[in-house]
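One structure below.
So you know, we letter chains A, B, ... as the sequences are listed, proteins then strands, and number each from 1.
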2 protein chains.
Amino acid sequence: MTLDRRSGCPINLSLEVFGDRWSLIVLRDMIFGGRRHFRELLNNSMEGIASNILADRLKRLVELGMLTRADDPTHKQKAIYSLTEMSITLVPIMAQLGAWGRVWLPVTEDLSIRAKLLEEGGLSLWQDFMDELRFEHLGIGTPKPIDATVRARLRAAYQAVVDEQARKAS
Amino acid sequence: MTLDRRSGCPINLSLEVFGDRWSLIVLRDMIFGGRRHFRELLNNSMEGIASNILADRLKRLVELGMLTRADDPTHKQKAIYSLTEMSITLVPIMAQLGAWGRVWLPVTEDLSIRAKLLEEGGLSLWQDFMDELRFEHLGIGTPKPIDATVRARLRAAYQAVVDEQARKAS
DNA sequence: TCCAACTGATTGCGTTTTGCAAGTGGTTGA
DNA sequence: TCAACCACTTGCAAAACGCAATCAGTTGGA
């Protein structure tokens with residue numbers, strides 16, 4: 001699980017960074033789920049990541065410059081993980097990955113509504129979202145009204161689908 | 001190496017299809033390198049894929065609907081692998097992956113010129129390229145003059161960089 | 001006709017990575 | 001005081017990987 005530099009091809013090097021079954025899942029949960037702590041990532045993980053794998057990936061992503069780790073001032077044992085510019089610019093990749101998966105794989109409606117919005121929003125929405133992440137994680141730029149954020153919109157859309165599914169089921 | 005359906009999230013499902021260190025490399029060589037045979041993929045692989053891994057990935061990609069396998073009429077033992085619409089539409093993902101890698105990872109100039117062109121060409125170039133692949137692999141659409149193809153342009157640009165590097169080195 | 005080179009794989013084997021369950025030492029808040 | 005929580009580690013079995021050798025055929029040239 002280290003960089004072996006098999007070749008200088010950009011696709012190959014990208015794969016060496018996050019071409020495994022967990023790294024992008026962790027980053028997805030941080031980017032779209034807003035998770036910042038080990039426990040949040042561990043317990044709320046939809047796919048059920050194991051704690052040793054999570055610890056390993058966090059360590060690795062920090063070493064690679066995709067995340068930073070800082071002590072949480074509110075709790076001596078808590079660590080806070082932040083995205084870096086390197087991982088924030090993964091948003092277009094996530095968007096394309098979601099768009100492709102939505103077409104070709106057996107996605108569930110609730111979990112793919114975000115991918116749909118991201119796809120429809122296009123580059124300008126991605127940029128807005130990346131700006132939000134820069135503010136949240138890097139302290140760069142200015143805050144937005146909390147309900148106008150891309151993340152809030154994505155979350156609201158997700159909730160609407162879940163509610164609708166519950167209504168149908170009842 | 002099978003689909004375990006950890007969740008219905010499109011990013012997760014995409015990762016379950018090609019979230020490993022070799023599947024996308026094989027597809028990259030088919031898409032950008034025009035390789036169609038086992039030996040071509042094995043011997044010309046920049047990253048040095050092992051024959052058992054290649055055999056396994058080809059089999060898996062066929063099972064997943066990303067490739068099809070057909071007998072080569074010119075040689076009884078040869079098999080021809082073709083991309084499917086499912087794998088052809090990976091082009092935007094490849095382009096984003098290449099663009100990101102070019103910015104953040106230690107890519108070499110010769111191997112990243114293609115990613116640069118693909119990035120600059122944008123969606124319309126990706127579409128042209130996908131149309132070419134559809135013609136080559138699916139027999140859909142009409143052929144283009146051989147030197148006007150996107151692949152020919154990418155290859156020419158690559159060669160120009162390699163030649164320039166050789167000139168500098170001499 | 002013979003044979004070396006080539007075809008898409010497979011086999012055996014040692015190493016690495018993964019997944020699971022349990023446990024670590026320390027912190028916090030009631 | 002003490003249960004709950006904190007990030008993370010450990011032990012171990014199972015799976016995946018990487019390498020080299022090998023396989024049974026096919027082909028083209030001498």
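Computed from coordinates, the R36(B) CZ to dT7(C) P distance equals 16 Å when rounded to whole Å. Put simply, CZ on R35(A) is 14 Å from P on dC6(D), counting in whole angstrom units. Atom CZ in R21(B) sits about 12 Å away from atom P in dC19(D), given to the nearest Å. For the pair L41(A) CG and dA7(D) P, the interatomic distance rounds to 9 Å; values are reported in whole Å. In this structure, D71(B) atom CG and dT26(D) atom P are separated by 12 Å, rounded to whole Å. Across the protein-nucleic acid pair, K76(A) atom NZ and dA7(D) atom C1' stand 16 Å apart, rounded to whole Å. Rounded to an integer number of Å, the gap from CZ of F38(B) to P of dT7(C) is 11 Å. When rounded to the nearest whole Å, the span between CD1 of I25(A) and C1' of dG19(C) equals 16 Å.
A donor-acceptor pair is defined here as one N or O able to donate and one able to accept, closer than 3.5 Å; no such pair exists between the side chain of R102(B) and the backbone of I113(B). Using a distance-only test at 3.5 Å, with no hydrogens or angles considered, no donor-acceptor pair links the side chain of R36(A) to the main chain of I80(A).
For the OP1/OP2 pair of dA16(D) and a distance below 4.0 Å, the side-chain nitrogens and oxygens of W22(B) include no atom meeting the criterion. For dA9(C), one of the phosphate oxygens OP1 or OP2 lies less than 4.0 angstrom from a side-chain nitrogen or oxygen of R69(B). Here R57(A) reaches the OP1 or OP2 of dT18(C): one of its side-chain N or O atoms lies under 4.0 Å away.
Figure legend: R28(B) and W22(B) shown without cation-pi pairing, the cationic atom not lying both under 6.0 angstrom from the six-membered ring centre and within 45 degrees of its axis.
Residues A50(A) and T74(A) both approach DNA chain C. Their nearest nucleotides, taken by heavy-atom distance, put A50(A) toward the 5′ side. Taking for each of S51(A) and G48(B) the nucleotide of DNA chain D with the nearest heavy atom, the 5'-most of the two is the partner of S51(A). Of the two residues contacting DNA chain D, namely R6(A) and N43(A), the nearest-nucleotide position lying further toward the 5' end is that of N43(A).
Not counting sequence neighbours, the partners of F32(B) by the ring pair (Phe, Tyr, Trp, His ring centres under 6.0 Å) test are F129(B).
For N52(A), counting side-chain heavy atoms from C-beta on, the closest listed nucleotide (dG8(C), dA7(D), dA21(C)) is dA21(C). Distance from the side chain of H75(B) is smallest for dT7(C) among the nucleotides dG19(C), dC6(D), dT7(C). Of all nucleotides listed (dT9(D), dG18(D), dA9(C)), dT9(D) comes nearest to the side chain of A55(A).
When the shell of 6.0 Å around CD1 of I146(A) is examined, it contains 12 or fewer heavy atoms from other residues, nucleotides or ligands.
In the interface, the side chain of Q77(B) is paired with the base of dG25(D) through a donor and an acceptor atom under 3.5 Å apart.
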